[in-house]
Amino acid sequence: MLQVENISKSYLDVNALRGVSFELNKGEILGLIGPDGAGKTTLLRIIVTLLKPNSGSIFLNDSNIIQNRTLARTQMGYMPERFSLYQDLTIQENLIFFGELFGLEPEAIHNNMEKLYAFSNLKPFYNRKAGALSGGMKQKLALSCMLMHEPKVLILDEPSTGVDPVSRHEFWKLLHLLATEGTAILVSTPYLEEAQECDRVALINNGQFMALGKPDELTQQLEAELFEITSPTITSLYEEFIAADYRNNIELFGYALHYSDLEKIGLKQIQQNIKKMKSPIESIKKISPSLEDVFLHYLKGTHE
Amino acid sequence: MNKVILTIIRKEFLHISKDRQTLFIVLIWPVLMLIFFGYAITMEMRSIPTIISDQSKSYQSRELISKFSSSGFFKIKNQDISAKEVDTLFKHREAKCILIIPPDYCKKTQTTKTTIALLIDASDPTAAINIQNYVNNILAKYNREINPNLKMPLTISLRFLYNDNLKSSYFFVPGLAAVIMLLISTLLTSIAIVKEKEQGTMEQILVSPIRPIEIVLGKVVPYIIVAFTSGVIVILAAMFWFGVPMHGSFLLALAMMFLYVVTGASLGMLISSIANTQQIALLVSLIGTLLPTTLLSGFIFPISSMPLFFQYISKIIPASHFVVIIRGIMLKGVGVKELAGHIVALSAISLILLVVSIKKIKVNLE
């Protein structure tokens, strides 16, 4: 449905994006995961034609949207990172405004609004000012506003930022509902746990895609075995590992260390090595990698 | 006008109608300002605290004093003072002027000529000159009264035109309209645009099929209307409350006010293209409109008495042309022909600001 080909963008002398390509299919939720400054927002803004790329092309159902912005804008819905809407206007006034902005007829506005009320459960609050809504309701209203013109492709920039976990869960349920109706959704997020909600995830860092695939495929891609090491003095143990030049193998996870066996030396050898450490070791066991491990693995790759 | 622009205009009026403070500022504040300027701030002087030291204590000196007290300009206190006391009296602000009638006043008026001493506190030069003029007028009148046969070689027959009674309100009101309309159109326009940028809603409406220029127009038109309404309120209040005349064409005055408000809105757009927060927009708008409009436009201080450099600057300030135009229409009843130069200048300033601001704002949004 949406084809992004080799997009590059630089601001002055900073390369924000270096050749990003992917495809977004009908009814698919694609998660864009990466740290702040990875280039997520720039990529999304280019796709919704707010920014012009330096090179590359984007096709929406085979027509080039960099040349045909109007097409892009009528077919896509975009929710920017700060979805504040108009705080002094009511839910209904916000919805009507966005309907009119996209040139909808009054009848279509009325119909779509009723549909979205049912979808979002915002109907009882239609006369409440957007500024008086909770974070979760604001998020739903912003989503509803961008759905007024019934876009085929949704682009969401970190929609979960500043929203409580319950509302976040509800929001994802809405996105899944939209996807089953055939909407293609591209959503960026800094939260790794949200990756499990996506059909596919793209890990982005430094303006490049480092991996793209289904969440469980990505975790299986890691070739090295992973071990979890616990210790009562976890921080000092971590420092010892770093000092002993295990920088590439070790990762601190708050409660435990994750050791990836890049050199394929096996559990026995690792236990041998650890014995040299001064810090006490509680346990060491093999675990299956999470997305976070995958992500940190790729992050290390780019830093070298 | 196309439908999308109307949508934005309607939304903008929704914002305005919900914002009571702005509504108050726009509708009530101009009238309050008018009352301030009309009543409190006047250039005329009344009841000037005056001390008269009558050392002559004669019938003639009392007659002279009565001329002063009956004029209404002076609040007179009779007090014998010595030369040493003058300084302390002024410093304690017990008097703004001191008149000393010498002991031989009575004798000399009947024979030759005489002199009386007038001391004025000139720490406020404008007031001092006013006092001097009042005293001169009273003395000249009195001179003629007591010497009916005196032949003056040259006399002035004075008549004030266009403001016979030299009412301050005639002078202030057109200028006040200029300040209020410019302030409202510039300030509200710049804040309205910057607000969308600051809240992030600009990004949201930019991804609609609407063009940036349509967004800007949709946001500017409501504030042009609001500022224009404010201006009309000021002018109507001036006419019906303070009795300021409208000798010229009311329609022409309205047209000029509209042109002037468009200038202000263009300035507002220009400010919004450089400012990223509402505070900065507010600050720049206030400094950019209030200062030049009150100080350099001839609203209060005449342009012709400014240093040459500032006279040139005043030529590029929209308000200096507007003040001349609106005073001309209201007080002198002149039309397009007489005001052509200023109308062309104001239009040119407006056009340049409009073109530059639209160019700048486009770059900024894309």
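In what follows, every chain begins at residue 1, and chains take the letters A, B, ... in the order their sequences are listed.
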Answer yes or no: are there more than 12 heavy-atom neighbours, outside [X] itself, under 6.0 Å from its atom [atom1]?
| X | atom1 | answer |
| --- | --- | --- |
| A:H110 | NE2 | no |
| A:E107 | CD | no |
| A:Y126 | OH | no |

Any side-chain heavy-atom pair of [X] and [Y] under 4.5 Å:
| X | Y | answer |
| --- | --- | --- |
| A:L85 | B:Q204 | yes |
| A:L101 | B:V4 | yes |
| A:R45 | B:E203 | yes |
| A:L89 | B:L14 | yes |

- Item | Stepwise side-chain contact (heavy atoms from CB on, under 4.5 Å) test for B:T201 and A:Q87 | CA-CA 10 Å; B:T201 43; A:Q87 310 284 326; over 6 Å; no

- Proximity breakdown for A:L104 and chain B, heavy-atom pairs closer than 4.5 Å: backbone

- Item | Pair listing, side-chain hydrogen bond (donor to acceptor under 3.5 Å, both in side chains) test, anchored in residues 24-37 of chain A, at least two apart | A:E28-A:R200

- Message: Using 0.5 Å steps for rounding, measure from the OG1 atom of B:T7 to the CZ atom of A:F102.
- Response: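 B:T7 OG1 to A:F102 CZ: 12.0 Å, rounded to 0.5 Å.
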
- Inter-residue atom distance A:R69.CZ - B:R211.CZ, 0.5 Å rounding: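 Atom-to-atom, A:R69:CZ and B:R211:CZ are 12.5 Å apart.
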
- Task: Evaluate the salt bridge (charged side-chain N to carboxylate O under 4.0 Å, His left out) criterion for residues A:E93 and B:R10: first the C-alpha distance (whole Å), next the side-chain angles of each, then the deciding distance (0.1 Å), finally the verdict.
- Result: CA-CA 11 Å; A:E93 285 163 346; B:R10 197 160 47 236; over 6 Å; no

- Write out, in numerical order, the residues from residues 70-80 of chain A with a heavy atom short of 4.5 Å from a heavy atom in chain B. A:T70, A:R73, A:T74, A:Y78, A:P80

- Query: Is B:K11 salt-bridged to A:E100, cutoff N-O under 4.0 Å?
  - Reply: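 Salt bridge absent between B:K11 and A:E100.
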
- Mind jotting down which residue pairs meet the ring pair (Phe, Tyr, Trp, His ring centres under 6.0 Å) criterion with at least one end in residues 200-238 of chain B? Sequence neighbours excluded, please.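 Found B:F228-B:F258.
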
- Message: Test: salt bridge (Lys or Arg N to Asp or Glu O under 4.0 Å). Region: residues 216-228 of chain B. Which pairs qualify, not counting sequence neighbours?
- Response: B:E12-B:K219, B:E196-B:K219

